Enquirer: 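My structure is below; once you've seen it, I'll send some questions.
FYI, side chains are in, hydrogens and waters are out, and symmetry mates aren't considered; it's all heavy atoms of this structure. These figures come from a predicted structure and were not determined experimentally.
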Amino acid sequence: MSPDQRLETGAKGVGTLLEALPYIREFHGKTVVVKYGGAAMTDPGLKEDFARDIVLLKYVGLNPVVVHGGGPEITGYMERLGMDVRFVDGLRVSDADTVEIAKMVLVGKVNKDIVQRIGRHGQAAVGLSGDDGRLLRVAKQHAPGGEDLGFVGRIEKVDVDVLNHIAQDYIPVIASVGADRDGQSYNVNADEVAGAVARAMGAYKVMFLTDVDGWLRDPADPTSVVSEARADEVEASLSAISGGMRPKLQACLDAIHGGVTFAHIVDGRVPHSLLLELFTDAGIGTKIRAAA
């Protein structure tokens, strides 16, 4: 590399840091809840990128909280065991055996992998599930059309005291399972958990990593990304949306209505998309804010 090229590369790096500075100042001390999912959880390079990004957020003064699912891994184990895999409106139909597999995969494997990876990059993380400290109390949920989903729960209460205590010194990493008043375990959609946790903690932002560019006006057209929208615009469109985007947008609305300032849907297939959305002027994905 020539001296001129080195100067140009250095100038770009400095420019990126300077662009990030006002955002770092604005977000300092604020809580950001990140729902971790999609390709960012399965691609080895993206896994490392995500862990480094979360550690960087902690080092520059934000309070990151990670919420994760593990749908592909749960599905993989179920298929190996010859179990039926079925979804309704983006929600996994869960009998008692499915819930046991989900707990085994999410709590025993995926959660610990994330905690260890964050630790390797320089920050201490603590893995939690909804059962820990009665963190997530749930009740039985039905699909939007009324179908019985089995042991699929909706969040009734988040014990924010548990999270606030841990988040003082550690990065909480939360697996999306919970229990009802009688101690029965339920599979809970990770998008809903992220929205509920953000609402309970009074988070400044909640961010959903997914495998699309953002919220698409036309799901068949990847160029139809909505870069920014008000909550009332999302509500007006929600009835026409199906599949996995519906619970994400619903979680965004629930968070915004609960006092979270911004909700974001971000393409986790893009390296460091979390940082690009937070710390650059252009951003990446869809940003949702309260109605005027």
Side-chain angles (χ1 to χ4, degrees), residues 27 30-43 46-73 102 105-133 135-136 155 158-160 162-178 188-211 248 251-252 255 260 262-268 271-275 277-278 285:
F27 304 152
K30 293 184 169 66
T31 297
V32 176
V33 176
V34 181
K35 189 270 178 168
Y36 181 36
M41 286 187 69
T42 57
D43 180 274
L46 292 174
K47 286 181 180 181
E48 295 302 321
D49 287 343
F50 176 80
R52 282 192 291 263
D53 292 352
I54 291 294
V55 168
L56 187 147
L57 295 185
K58 189 72 171 178
Y59 274 128
V60 299
L62 283 75
N63 297 314
V65 176
V66 178
V67 174
H68 69 87
E73 292 211 41
V105 173
L106 295 180
V107 181
K109 183 178 185 299
V110 176
N111 188 271
K112 302 315 169 193
D113 288 347
I114 298 168
V115 167
Q116 290 172 352
R117 189 168 288 107
I118 290 173
R120 287 202 305 270
H121 288 289
Q123 282 286 344
V126 171
L128 300 164
S129 75
D131 295 338
D132 294 317
L135 175 61
L136 303 177
I155 302 292
V158 176
D159 190 334
V160 74
V162 173
L163 284 176
N164 286 335
H165 181 71
I166 292 172
Q168 288 179 10
D169 300 304
Y170 303 97
I171 297 174
V173 179
I174 304 167
S176 56
V177 295
V188 188
N189 181 269
D191 296 324
E192 182 185 349
V193 174
V197 166
R199 189 168 63 245
M201 295 188 76
Y204 187 62
K205 289 176 178 283
V206 59
M207 307 183 75
F208 298 85
L209 296 187
T210 185
D211 284 348
K248 284 181 176 57
C252 289
V260 177
F262 297 108
H264 302 253
I265 297 174
V266 181
D267 190 349
H272 305 295
S273 56
L274 198 59
L275 302 184
E277 178 69 359
L278 282 170

Enquirer: Holding to salt bridge (charged side-chain N to carboxylate O under 4.0 Å, His left out), I want the full list of residues that pass it with Asp159, two or more places apart in sequence or in another chain.
Expert: none
Enquirer: Could you tell me which non-hydrogen atom of Gly69 sits nearest to which non-hydrogen atom of Ala190, and how far apart they are?
Expert: N-CB, 3.6 Å
Enquirer: Where is the tightest heavy-atom contact between Val206 and Ala255, given as atom of each residue plus distance?
Expert: CG1-CB, 3.9 Å
Enquirer: Please list, chain by chain and in numerical order, all residues satisfying salt bridge (charged side-chain N to carboxylate O under 4.0 Å, His left out) with Arg199, sequence neighbours excluded.
Expert: none
Enquirer: Could you grab the distance from atom CD1 of Ile171 to atom CD of Gln123, nearest 0.5 Å is fine?
Expert: 5.0 Å
Enquirer: Would you compute the distance between atom CG of Leu278 and atom NE2 of His272 and round it to the nearest 0.5 angstrom?
Expert: 13.5 Å
Enquirer: Relative to the ring of Phe262, is the ring of Tyr204 parallel (under 30°), tilted (30 to 60°) or perpendicular (over 60°)?
Expert: perpendicular
Enquirer: Quick one: pull up CG in Leu209 and CE in Met41 and give me the separation to the nearest 0.5 Å.
Expert: 10.0 Å
Enquirer: Partners of Tyr170 by ring pair (Phe, Tyr, Trp, His ring centres under 6.0 Å), sequence neighbours excluded?
Expert: none
Enquirer: How many angstroms lie between NZ in Lys47 and OG1 in Thr42, if you round to the nearest 0.5 Å?
Expert: 7.0 Å
Enquirer: With heavy-atom distances below 4.5 Å as the criterion, would you say the side chains of Val115 and Val126 are in contact?
Expert: no
Enquirer: Which atom pair, heavy atoms only, marks the closest approach of Ala198 to Val33?
Expert: CA-CG2, 3.7 Å
Enquirer: Apply the test side-chain contact (heavy atoms from CB on, under 4.5 Å) to residues Leu163 and Val158: give CA-CA distance (whole Å), side-chain angles for both, the deciding distance (0.1 Å), then the verdict.
Expert: CA-CA 9 Å; Leu163 284 176; Val158 176; 4.1 Å; yes
Enquirer: Taking all atoms of both residues into account, what is the closest heavy-atom pair of Ala39 and Leu46, and its distance?
Expert: O-CD1, 3.9 Å
Enquirer: Please name all residues satisfying salt bridge (charged side-chain N to carboxylate O under 4.0 Å, His left out) with Asp53, sequence neighbours left out, ordered by chain then number.
Expert: none
Enquirer: Keeping the roles fixed (side chain from Ser129, backbone from Val177), state whether a donor-acceptor pair exists under 3.5 Å.
Expert: no
Enquirer: Rounded to the nearest 0.5 Å, what separates atom CD in Glu192 from atom CG in Leu136?
Expert: 9.5 Å
Enquirer: Using the side-chain hydrogen bond (donor to acceptor under 3.5 Å, both in side chains) rule, collect all pairs that involve residues 57-69, keeping only residues at least two apart or in two chains.
Expert: His68-Asn111
Enquirer: Quick one: salt bridge (charged side-chain N to carboxylate O under 4.0 Å, His left out) partners of Lys109, sequence neighbours excluded?
Expert: Glu73, Asp113
Enquirer: Among Ile166, Val107, Val67, find the one that has a side-chain contact (heavy atoms from CB on, under 4.5 Å) with Leu128.
Expert: Ile166
Enquirer: Does Ile54 reach the side chain of Tyr36, with side-chain heavy atoms less than 4.5 Å apart?
Expert: no
Enquirer: Do the non-hydrogen side-chain atoms of His264 and Lys205 ever get within less than 4.5 Å of each other?
Expert: yes
Enquirer: Quick one: closest heavy-atom pair of Leu62 and Phe27, and the distance?
Expert: CG-O, 3.7 Å
Enquirer: Before you tell me yes or no, could you show the steps for Val193 and Ile155 under side-chain contact (heavy atoms from CB on, under 4.5 Å), namely the whole-Å CA-CA distance, both residues' side-chain angles and the distance that decides it to 0.1 Å?
Expert: CA-CA 7 Å; Val193 174; Ile155 302 292; 4.2 Å; yes
Enquirer: How far does CG of Asp267 sit from CZ of Phe208, to the nearest 0.5 angstrom?
Expert: 15.5 Å
Enquirer: Could you give me the CA-CA distance, side-chain angles and deciding distance for Ser176 and Leu106, then say whether side-chain contact (heavy atoms from CB on, under 4.5 Å) is met?
Expert: CA-CA 7 Å; Ser176 56; Leu106 295 180; 3.8 Å; yes
Enquirer: If you look at every heavy atom in His121 and Arg117, which pair is closest and at what distance?
Expert: CD2-O, 3.2 Å
